[in-house]
Asker: 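What follows is a single structure, and I will ask about it in a moment.
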Number of protein chains: 2
Amino acid sequence: MSDLLERLRGRGWRMTAQRRVVAEVLDGDHVHLTADEVHARAVSRLPEISRATVYNTLGEMVSLGEVLEVSTDRRAKRYDPNAHRPHHHLVCARCGAIRDVHPAGNPLADLPTDERYGFMVSGVEVTYRGICPNCAATA
Amino acid sequence: MSDLLERLRGRGWRMTAQRRVVAEVLDGDHVHLTADEVHARAVSRLPEISRATVYNTLGEMVSLGEVLEVSTDRRAKRYDPNAHRPHHHLVCARCGAIRDVHPAGNPLADLPTDERYGFMVSGVEVTYRGICPNCAATA
DNA sequence: ATCCTACAATGGACATTGTCCAAGTCAAGC
DNA sequence: GCTTGACTTGGACAATGTCCATTGTAGGAT
């Protein structure tokens, strides 16, 4: 079942049909869906759910730290239910396919103090870009 | 003068007043301007330049590899004339300020083969996030 | 110097993604 | 089964960017 749903319930979230559906959609596929893709899938289970609700719900799950927002391109944000395992992303420049990756090394440690300009550095995102096997074959 | 302009001319670019202005604006400040900021500054030198032209011109400079597109947030793309010195970015989560940084280490080498899923990996972007001294002071 | 022509610029419509808000609805506690 | 405050709705709006038909022009040819 939905671990995500359990975690959210455990935080005193008011449970509604809409929120349940959004959580189930996200947790169902471990792909990186856009908000509108989530909406489309949610609609097929709960036809009257609105776009605004999907956006709100995703935003709340992100605030709670249960879902990650991923922006690998300038199009839509994508939502990653895999928030509790730190990881980075590998993106196909042609088709946009995304894979979670776990590089060795610690990029945070690689930023020397004199390159921090007094910032309190709290996080780092790494996005690898390339061509996926599929697209390479169809080149 | 404008090195960027020289490089572009050297590639057989057809030179127009609009393109010259865009290149000069970009090369003038080494900040990371959005397309609309470039447009605003371009207008003050060449009042009739259109938004579409600025977008087109920036896009062409990116295609030629003379300018980098930077997407540190989901708002507007930013344009970085510093395309020939590889670097990454440090972004203030509060005010959006951006600094170029040069971390040690090689993230590309940190991605093991068995985490590449058959992709031809060609590049990597690293975005550090934190709070800049200014925003930390005004917390 | 003038003309030609392919390439560039224009501006306005359109597309995509996302946010906001006032009004209606409902989950959960009493 | 009420009540109430939180949730949902749908549509307007905003920001960024793209597209396209029309008009203009840089730069080579004559």
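Proteins come first, then strands; the chains are lettered A, B, ... in the order of their sequence lines, and each starts at number 1. Since this is a predicted model, take the numbers as computed values, not measurements.
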Asker: Could you walk me through whether Glu66(A) and Arg11(A) satisfy the side-chain contact (heavy atoms from CB on, under 4.5 Å) test, starting with their C-alpha distance in whole Å, then the side-chain angles of each, then the deciding distance to 0.1 Å, before giving a yes or no?
Answerer: CA-CA 11 Å; Glu66(A) 295 295 346; Arg11(A) 285 162 175 266; 2.8 Å; yes
Asker: Give me the atom names and distance for the closest heavy-atom approach of Lys77(A) to Ser71(A).
Answerer: CG-OG, 4.1 Å
Asker: Is there a donor-acceptor contact under 3.5 Å linking the side chains of Glu125(B) and His89(B)?
Answerer: no
Asker: Considering non-hydrogen atoms only, spot the tightest contact between Tyr79(B) and Thr34(B) and give its length.
Answerer: CD1-C, 4.5 Å
Asker: Among residues 65-75 of chain A, which residues get a heavy atom nearer than 4.0 Å to DNA chain C?
Answerer: Arg75(A)
Asker: Please give the remaining members of the hydrophobic cluster of Val70(B), linking ILVMFWY side chains under 4.5 Å, ordered by chain and number.
Answerer: none
Asker: With nearest nucleotides of DNA chain C determined for Ala35(A) and Asn56(A) from heavy-atom distances, which residue corresponds to the more 5′ nucleotide?
Answerer: Ala35(A)
Asker: Which two nucleotides bound the region of DNA chain D that has atoms under 4.0 Å from heavy atoms of chain A, read 5' to 3'?
Answerer: dG5(D) to dG10(D)
Asker: Quick one: salt bridge (Lys or Arg N to Asp or Glu O under 4.0 Å) partners of Glu37(A), sequence neighbours excluded?
Answerer: Arg78(A)
Asker: State which residues pass salt bridge (Lys or Arg N to Asp or Glu O under 4.0 Å) with Arg85(A); sequence neighbours excluded, sorted by chain then number.
Answerer: none
Asker: Please go through Leu111(B)'s hydrophobic cluster and name the other residues, only I, L, V, M, F, W, Y counting, with side-chain heavy atoms under 4.5 Å joining them.
Answerer: Leu90(A), Val101(A), Leu108(A), Leu111(A), Tyr117(A), Phe119(A), Val121(A), Val124(A), Val126(A), Tyr128(A), Leu90(B), Val101(B), Leu108(B), Tyr117(B), Phe119(B), Val121(B), Val124(B), Val126(B), Tyr128(B)
Asker: Identify the two heavy atoms, one from Ala23(B) and one from Leu4(B), that lie closest to each other, and give their separation to 0.1 Å.
Answerer: O-CD2, 3.8 Å
Asker: Mind checking which nucleotides bracket the chain A contacts on DNA chain C, 5' to 3', with an atom under 4.0 Å from a heavy atom?
Answerer: dT16(C) to dA28(C)
Asker: Can you pull the salt bridge (Lys or Arg N to Asp or Glu O under 4.0 Å) pairs that have at least one residue in residues 98-114 of chain A, sequence neighbours excluded?
Answerer: none
Asker: Taking the side chain as everything from C-beta on, heavy atoms only, tell me whether Arg94(B) gets closer than 4.5 Å to Thr138(B).
Answerer: no
Asker: Once you build an axis from the first five pairs and another from the last five of the helix from dA1(C)-dT30(D) to dC30(C)-dG1(D), how far apart in angle are they, to 10 degrees?
Answerer: 20°
Asker: Going by number, which of residues 37-55 of chain B have a non-hydrogen atom under 4.0 Å from DNA chain C?
Answerer: Glu48(B), Ile49(B), Ser50(B), Ala52(B), Thr53(B)
Asker: Going by the rule salt bridge (Lys or Arg N to Asp or Glu O under 4.0 Å), which residues pair with Arg9(B) if we only count those two or more places apart in sequence or in a different chain?
Answerer: Glu6(B)
Asker: Are the side chain of Glu115(B) and the backbone N or O of His102(A) linked by a donor-acceptor pair below 3.5 Å?
Answerer: yes
Asker: My understanding is that only residues two or more places apart in sequence, or in another chain, count here; which of them pass salt bridge (Lys or Arg N to Asp or Glu O under 4.0 Å) with Arg116(A)?
Answerer: none
Asker: Taking the side chain from His39(B) and the backbone from Ile49(B), do they hold a donor-acceptor pair closer than 3.5 Å?
Answerer: yes
